[in-house]
2 protein chains.
Amino acid sequence: MRISTKGRYALRMLVDLAEHKNDGFIALKDIAKRQNISKKYLEQIVPVFNKSHILQTNRGFQGGYRLAVEPNKCTVGEVIRLTEGSLSPLACIDDENEVHCDRSADCATLYVWQGLKKVVTDYLDSVTLQDIIDKKHESYANDYVI
Amino acid sequence: MRISTKGRYALRMLVDLAEHKNDGFIALKDIAKRQNISKKYLEQIVPVFNKSHILQTNRGFQGGYRLAVEPNKCTVGEVIRLTEGSLSPLACIDDENEVHCDRSADCATLYVWQGLKKVVTDYLDSVTLQDIIDKKHESYANDYVI
DNA sequence: CTATACTCTACTATTATACTAGACTTTTAA
DNA sequence: TTAAAAGTCTAGTATAATAGTAGAGTATAG
């Protein structure tokens, strides 16, 4: 039940871009440095967000990436689905809730996993990039008060 | 974000034992046959439930396993924690919610994963073996009516 | 035209997963 | 008392996923 490094890096990259959304195009090397993530690895993660039009790209000198959506419109669920392929805890229930298993009719435990998928999906789809940024500043404020 | 085969098999085994809890000791080969799971693989899964006193064992002729707890006292969360080691979606937050990561103070996304762990844990700890059996019979009833 | 940055494909080391194999121990019934 | 049935324990192994690295190629601002 682990979220892969790929998914977590993707989220951190998008949060970073959301925080710098007014700074024009951000080079991957800057994100890599700030987040302490391999730039080469990020290069492999980025295409899926380009293709799904979550990121805009500028190539060449002073190029980079920029969020193409509002931070409060992009959910963690979306990010993890794109990097991880699915939020389903089993191969036998895919994203359309279709069942792919001979035993499914007889499978007593299937409903447990369908329920698990639902709580995971509901939660991750309820958190946006903006929420993460807000929470971060809230924490800083708390630190300051304390 | 997948539940491993090991965890799913364990749950099916325990549900099977719960359904046959009045039939004395059940041999692994019977469970393996009914559930269509490799008996040899089940042998590797079983020890953790013996050690945690969820199962009772009888060796030798006509030996087998029997639930040592009431089906309504054994949750899916317990089963998955025992087979999977943890319900945490990241290595950096373990079962005591302790944080193991240099970046944690600065990690904007940490709270997302802590929240994910909570919804997963709350859900899985809310479903018992008995719930699964009840649901199964409910489905059968529905099938019959339809 | 050159430095900078994105793009694309291929390769690789490590780890986890999902098993299989076989020797050994225990129990019971004939 | 012994053979068969069952659990126990350790080791091995094939496959796939993960988490990267490497390098050649393309686009663009200045």
Side-chain angles (χ1 to χ4, degrees), chain A residues 1-13 17 20 23-33 35-68 80 83-86 88-92, chain B residues 1-13 17 20 23-33 35-68 80 83-86 88-92:
Chain A
M1 274 300 285
R2 291 274 152 106
I3 296 282
S4 74
T5 303
K6 194 171 169 183
R8 288 181 283 122
Y9 285 1
L11 184 60
R12 280 165 58 192
M13 175 181 71
L17 283 167
H20 294 86
D23 302 352
F25 289 91
I26 311 290
L28 220 45
K29 75 162 195 283
D30 296 329
I31 302 174
K33 190 182 290 178
Q35 298 296 326
N36 195 29
I37 297 173
S38 149
K39 180 190 162 233
K40 274 293 186 185
Y41 196 29
L42 281 182
E43 278 181 10
Q44 286 194 318
I45 296 173
V46 121
V48 71
F49 295 103
N50 276 326
K51 279 168 200 151
S52 53
H53 306 294
I54 289 175
L55 293 182
Q56 279 179 348
T57 282
N58 241 232
R59 292 173 74 150
F61 187 75
Q62 291 191 335
Y65 300 92
R66 169 166 82 181
L67 266 190
I80 300 302
T83 51
E84 223 96 334
S86 166
S88 174
L90 283 83
C92 69
Chain B
M1 274 302 282
R2 292 272 151 107
I3 297 282
S4 72
T5 302
K6 194 171 170 182
R8 289 181 282 121
Y9 285 1
L11 184 59
R12 281 165 57 193
M13 176 182 67
L17 282 168
H20 294 85
D23 301 352
F25 288 92
I26 310 290
L28 218 46
K29 75 161 195 284
D30 295 331
I31 302 174
K33 191 182 289 178
Q35 298 297 324
N36 195 28
I37 297 174
S38 149
K39 181 191 162 232
K40 274 294 187 187
Y41 196 29
L42 281 182
E43 279 181 11
Q44 287 193 317
I45 296 174
V46 122
V48 72
F49 295 104
N50 277 327
K51 279 169 199 148
S52 54
H53 306 294
I54 288 175
L55 292 182
Q56 281 178 348
T57 282
N58 242 230
R59 291 175 73 151
F61 187 75
Q62 289 192 335
Y65 300 92
R66 170 166 81 181
L67 266 190
I80 301 302
T83 51
E84 223 97 331
S86 164
S88 175
L90 283 82
C92 70

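Lettering of chains follows the sequences in order, A, B, ..., and the numbering in each one begins at 1.
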J.: Rounded to whole Å, how long is the line connecting atom CZ of B:Arg12 with atom C1' of C:dA18?
T.: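 Taking atom C1' of C:dA18 as the reference, CZ of B:Arg12 is at 14 Å.
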
J.: Give a yes/no on whether any side-chain N or O of A:Gln62 is located under 4.0 angstrom from OP1 or OP2 of D:dG30.
T.: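 Looking at the OP1 and OP2 atoms of D:dG30, one of them is under 4.0 Å from a side-chain N or O of A:Gln62.
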
J.: Could you tell me how far apart B:Leu28 (CG) and D:dA6 (C1') are, to the nearest whole angstrom?
T.: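 Going from B:Leu28 (CG) to D:dA6 (C1'), I get 10 Å.
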
J.: Going by modelled atom types, is there a donor-acceptor pair between the base of D:dG23 and the side chain of A:Lys40 at under 3.5 Å?
T.: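 Donor-acceptor pair under 3.5 Å: yes.
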
J.: Report the distance from atom CZ of B:Phe61 to atom P of D:dA5, rounded to the nearest whole Å.
T.: 7 Å

J.: Return the minimal non-hydrogen interatomic distance between B:Phe25 and B:Gln62, and the atom names on each side.
T.: CB-O, 4.4 Å

J.: Looking at B:Lys29, I'd like to know whether one of its side-chain N or O atoms comes within less than 4.0 Å of OP1 or OP2 on D:dA6.
T.: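 Result: yes.
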
J.: Is B:Arg59 side chain donor-acceptor paired with the C:dT25 base, going by distance under 3.5 Å alone?
T.: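 A donor-acceptor contact between them is present.
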
J.: To the nearest Å, give me how far apart CD (A:Glu43) and C1' (D:dT21) are.
T.: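 The answer, rounded to whole Å, is 11 Å.
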
J.: Check B:Ile80 against B:Gly7 and note the closest heavy-atom contact, atom names and distance.
T.: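 Looks like CD1-O, 3.8 Å.
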
J.: Return no unless some side-chain N or O of B:Ser4 is found under 4.0 Å from OP1 or OP2 of C:dA16.
T.: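 Answer is no, no contact under 4.0 Å.
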
J.: Round to a whole Å and report the spacing from CD1 of A:Ile37 to C1' of D:dG20.
T.: 13 Å

J.: For A:Asn58 and for A:Lys39, find the nucleotide of DNA chain D with the closest heavy atom, then tell me which residue's nucleotide is more 5'.
T.: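 Per heavy-atom nearest nucleotide, the more 5' residue is A:Lys39.
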
J.: Could you tell me how far apart B:Lys6 (NZ) and C:dT15 (P) are, to the nearest whole angstrom?
T.: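 Checked: the NZ to P distance equals 18 Å.
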
J.: Which part of the nucleic acid does B:Tyr65 contact within heavy-atom distance under 4.0 Å: base, sugar-phosphate only, or nothing?
T.: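 Sugar-phosphate: the residue B:Tyr65, judged by heavy atoms under 4.0 Å, touches backbone atoms but no base.
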
J.: Does B:Thr5 have a side-chain nitrogen or oxygen under 4.0 Å from the phosphate oxygens OP1 or OP2 of C:dT17?
T.: no

J.: Where do A:Tyr65 and A:Asn50 land on the side-chain contact (heavy atoms from CB on, under 4.5 Å) test, with the steps shown first?
T.: CA-CA 9 Å; A:Tyr65 300 92; A:Asn50 276 326; 3.7 Å; yes

J.: D:dT21 base to A:Gln44 side chain: any donor-acceptor pair below 3.5 Å?
T.: yes

J.: Would one find a side-chain N or O of A:Ser38 under 4.0 angstrom from OP1 or OP2 of D:dT21?
T.: yes

J.: Can you tell me if A:Tyr9 touches the phosphate of D:dG20, counting only side-chain N or O atoms and a distance under 4.0 Å to OP1 or OP2?
T.: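 Result: yes.
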
J.: Rounding to an integer number of Å, can you tell me how far B:Tyr41 OH sits from C:dA21 P?
T.: 15 Å

J.: Between B:Ile3 (CD1) and C:dA18 (P), how many Å, whole number?
T.: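 Distance, rounded to whole Å: 11 Å.
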
J.: If the cut-off is 4.0 Å, is A:Asn50 near the phosphate of C:dT7, judged by side-chain N/O to OP1 or OP2?
T.: yes

J.: When you compare the side chain of B:Leu28 with that of B:Met13, does any pair of heavy atoms fall below 4.5 Å?
T.: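 Counting from C-beta outward, B:Met13 and B:Leu28 do come under 4.5 Å.
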
J.: What is the minimum heavy-atom distance between B:Thr83 and B:Ala10, and which atoms define it?
T.: CG2-CB, 3.5 Å

